[in-house]
Asks: 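Just dropping this structure here.
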Amino acid sequence: AQTVTQSQPEMSVQEAETVTLSCTYDTSESNYYLFWYKQPPSRQMILVIRQEAYKQQNATENRFSVNFQKAAKSFSLKISDSQLGDTAMYFCAFMSGAGTASKLTFGTGTRLQVTL
Amino acid sequence: DAGVTQSPTHLIKTRGQQVTLRCSPKSGHDTVSWYQQALGQGPQFIFQYYEEEERQRGNFPDRFSGHQFPNYSSELNVNALLLGDSALYLCASSLMVQGASEETQYFGPGTRLLVL
């Protein structure tokens, strides 16, 4: 079974600064997908970024980028130019690429606080 | 373009009662997954529905059951409620492509269930 580990329960960053959230995972599969989701206090889970394991290039979405290290099974999220609206819980998630097994396996989350 | 919707937003039940939660997928999506998120934890996969059938199931007892309708909407039913069933229930929709749901899952706002 796959596991996802987020070792930083809480983090804080000042507005306009850069922060990196860590995520490691364990799988024996070679084809899979990784995601970062954001859950603000409104509790809606919002997709931040997606990475396909077969792609060597790291995914980027505006101020959000990932550092995907397949051999190390590491998938960190970098937020540049942090904004107050980035305050939220951030969850790393794994999805198997093995055909029918499409459930998401989540980590325990990192609570990010952006301060003035 | 309507996103994923869920109803009700909040619900209070007593132990032993039964509850039904509803989900309408994002326009164009045909697959619905349900997750349970206990306070302070990451979401846990309950089950997934496609073509009106349960396609995959997580580690949840038979008290948790579901249904998918021809219009792709879905219901989650929980019987004989326990205090431990208190949680945020999230619905996510996606699109099955060539028999494999490797597409990104988009989440609804959730239903907060409190069991007294």
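Naming: A, B, ... by sequence-line order, numbering from 1 per chain. What you see is a predicted model, and the numbers here were worked out from it, not measured in a lab.
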Asks: How far apart are the closest heavy atoms of R112(B) and R43(A), and which atoms are they?
Replies: CB-NH1, 3.8 Å
Asks: Are side-chain heavy atoms of P43(B) and F91(A) found at a separation under 4.5 Å?
Replies: yes
Asks: I'd like to check Q48(B) versus S102(A) (side-chain heavy atoms, cut-off strictly below 4.5 Å). Are they in contact?
Replies: yes
Asks: Can you tell me how far the OH atom of Y37(A) sits from the OG1 atom of T104(B), to the nearest 0.5 Å?
Replies: 6.0 Å
Asks: Given heavy-atom pairs under 4.5 angstrom as the criterion, report whether the side chain, backbone, both or neither of Y32(A) touches chain B.
Replies: neither
Asks: Using a side-chain heavy atom cutoff under 4.5 Å and only I, L, V, M, F, W and Y, what cluster partners does I12(B) have?
Replies: L114(B), L116(B)
Asks: When you look at V4(B) and M45(A), which way does the side-chain contact (heavy atoms from CB on, under 4.5 Å) test go after all the steps?
Replies: CA-CA 11 Å; V4(B) 181; M45(A) 194 76 75; over 6 Å; no
Asks: Determine the option with the most heavy-atom pairs under 4.5 angstrom with chain B, choosing from L47(A), T105(A), I46(A).
Replies: L47(A)
Asks: For Q6(B), check side chain to side chain donor-acceptor pair (under 3.5 Å) against everything at least two apart and list the hits.
Replies: none
Asks: At a heavy-atom separation under 4.5 Å, does Q39(A) approach chain B through its side chain, its backbone, both, or neither?
Replies: side chain
Asks: Look up atom CE in M89(A) and atom CD in Q41(B), then write down how far apart they are to the nearest 0.5 Å.
Replies: 10.0 Å
Asks: Residues sharing Y49(B)'s hydrophobic cluster, by side-chain heavy-atom contacts under 4.5 Å among ILVMFWY, directly or via others?
Replies: L11(B), V19(B), L21(B), V32(B), W34(B), I46(B), F47(B), F60(B), F64(B), L76(B), V78(B), L81(B), L83(B), Y89(B), L113(B), V115(B)
Asks: For chain B, which residues of residues 107-116 of chain A have at least one non-hydrogen atom nearer than 4.5 Å to it?
Replies: G107(A), T108(A)
Asks: What do you reckon, are the aromatic ring centroids of F45(B) and F106(A) less than 6.0 Å apart?
Replies: no
